[in-house]
Amino acid sequence: MGMMTSQEYKESLKSLKPVVYHFGKQLKSIFDDPVIEPHINAAAETYNIAFLPETEKLATAVSHLTGEKINRYTHIHQNVDDLIKKVKMLRVLGQRTGTCFQRCVGLDGLNALYTTTFEMDKKLDTNYHKKFLEYLKYIQNKDLMVAGSMTDPKGDRSKRPSEQVDKDLFLHVVEKKDDGIIVRGAKMHQTGIVNSHEILVMPTQALQKGDEEFAVSFAIPVDTKGVIHIFGRQSNDLRKVENGEIDVGNKKYGIVGGEALTVFDNVFIPWERVFMCGEVDFASMLVYLFATYHRQNYGGCKTGLSDVLIGATLLAAEYNGVNTASHIKDKLAEMIHLTETLYSASVACSAEGYCLSSGAYFPDPLLANVSKHNITRFIYEIFRISHDIAGGYIATMPSEKDLCCDEIKGYIEKYLKGVENVPAEFRIRVGRLIENMTGGTAQVEAMHGAGSPQAQRIMYLRESNLKLKKKLAKIIAGIEEK
Ligand code: SF4
Ligand code: FE
């Protein structure tokens with residue numbers, strides 16, 4: 001079997017039976033749920049663009065393992081061009097969906113584990129890389145969607161995993177058996193996990209001696225016995241349950257990634273799918289590689305969203321009759337400047353990428369952190385300018401049900417209208433898109449997805465050559481220390 005179409009992806013999910021809870025009930029199927037459906041559609045676009053003539057080159061690659069054409073979402077980067085194509089692909093997907101299409105976390109997990117298992121086998125004489133290559137071939141051949149699972153609940157942040165009163169606050173191995181291991185714990189903020197095929201678990205942070213049971217990495221199907229997904233609430237999610245269209249803003253694709261809390265209640269993992277078990281010294285490498293690959297992305301996907309938001313903001317300005325005002329043009333120019341600045345960092349860290357010992361390519365870590373850190377600031381500024389231009393009606397529009405209510409719809413059509421030739425409904429539609437794209441859940445994701453801003457600041461100090469900078473200053477200032 002080769003690459004799946006978007007329809008085949010959706011069909012393939014039907015053979016899985018993940019345990020998913022939402023609004024206090026277990027779902028019979030993820031397909032019955034109007035809150036989850038948009039996330040399936042968004043992820044399906046990662047399959048769709050592999051078949052479109054205009055995007056096929058970006059969205060496909062040749063497997064270095066099999067020589068087959070594969071979806072880029074299952075590819076191990078082989079050169080700088082692969083790294084740049086990844087960013088370009090994310091921008092295109094952001095433009096097409098206006099939201100998070102979820103599949104990148106698994107792609108970054110695969111790339112991070114590729115090198116980490118290679119290094120472990122080299123230094124420790126283990127067989128993790130061999131097992132991982134078999135798994136990778138399986139993912140590539142079947143074109144599966146992998147959810148990357150990294151963030152543990154972490155409990156008391158001042159304590160290490162082994163110091164927690166409740167050890168389950170970090171996912172850990174509770175038993176080793178002849179045929180596999182049993183794990184218990186949970187992973188938070190699991191983007192797209194309920195509509196993925198596989199879960200790829202990695203440790204959440206660097207570990208030390210004494211933390212061995214927490215140094216665990218493995219892959220299992222999302223519907224493995226003992227795995228329970230509790231789907232998260234999102235801003236305005238009840239609007240999706242109302243069966244409406246306008247008020248949800250982006251009915252087809254949703255507004256964020258469909259995050260869940262995933263519980264591992266004594267889950268069995270066969271040894272052939274275990275890629276780390278006790279090697280504490282390699283947890284930091286895995287986290288570092290994963291975080292860098294994921295931070296590379298944000299100037300790709302989020303600039304795609306910004307393109308949609310700039311378009312929506314310009315439309316709102318036109319519908320309000322202010323699009324030719326000079327201060328509006330200035331503000332739009334500022335949105336474009338910020339967006340392209342975000343994009344530049346992602347392209348730059350890819351262009352400065354290099355080959356690791358495993359043969360896989362890796363983006364420049366300092367610039368990848370800049371890329372993600374820029375998002376935590378500039379996306380808020382882009383949202384702020386959008387609200388500024390669009391106007392206060394974004395916060396006070398009536399419900400779409402009022403547009404269907406005979407007694408009052410005439411008032412809405414009359415008083416919610418802007419310029420003469422545009423119906424009030426268009427103005428409300430674009431207002432709702434802006435409201436939902438810039439609302440609570442989407443903002444928090446931009447801040448904390450791929451690591452909180454403090455994590456990037458730590459990397460700045462680690463990755464910058466401060467010694468060299470001091471030396472440069474001393475040379476120019478003429479300071480010669482004895
Ligand atoms: Fe991909 Fe962006 Fe979503 Fe992360 S936030 S999974 S990089 S689309
Ligand atoms: Fe994310």
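We number each residue from 1, following the sequence as shown. Computed from a predicted structure; not experimentally measured. In each ligand, atom 1 is the first atom listed, and ligand 1 is the first ligand listed.
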Query raised in the report: So, D237 and Q234: side-chain donor and acceptor under 3.5 Å apart, yes or no?
Result: no
Requested in this report: Any atoms of ligand 1 less than 4.0 Å from a non-hydrogen atom of H294? List them with their elements.
Outcome: 4 (Fe), 7 (S)
Report summary line: If we number the atoms of ligand 1 from 1 as shown, the ones under 4.0 Å from a heavy atom of C100 are 3 (Fe), 5 (S), 6 (S), 8 (S)
Query raised in the report: Which residues satisfy the ring-ring contact (aromatic ring centres under 6.0 Å, His included) test with Y288, sequence neighbours excluded?
Result: F362
Query raised in the report: Can you list the ligand 1 atoms lying under 4.0 Å from a non-hydrogen atom of V105?
Result: 6 (S)
Report task. Number the atoms of ligand 1 from 1 as they appear, then name those within less than 4.0 Å of a heavy atom of K302, with their elements. Result -> 5 (S)
Report summary line: Short version for Y298: what comes under 4.0 Å of ligand 1, heavy atoms counted, is side chain
Requested in this report: Report the residues that fulfil ring-ring contact (aromatic ring centres under 6.0 Å, His included) with F264, sequence neighbours left out, ordered by chain and then residue number.
Outcome: none
Query raised in the report: Any idea which atoms of ligand 1 are less than 4.0 Å away from a heavy-atom of F101?
Result: 8 (S)
Requested in this report: Take Y114 and H64 through the test ring-ring contact (aromatic ring centres under 6.0 Å, His included) and record every step on the way to the result.
Outcome: CA-CA 12 Å; Y114 184 85; H64 73 296; 5.4 Å; yes
Report task. Assess the side chains of H197 and S12: does a donor N or O sit below 3.5 Å from an acceptor N or O? Result -> yes
Report task. Tell me whether C104 has at least one N, O or S atom under 2.8 Å from atom 1 (Fe) of ligand 1. Result -> yes
Query raised in the report: Looking just at side-chain N and O atoms, do Y128 and E279 make a donor-acceptor pair shorter than 3.5 Å?
Result: yes
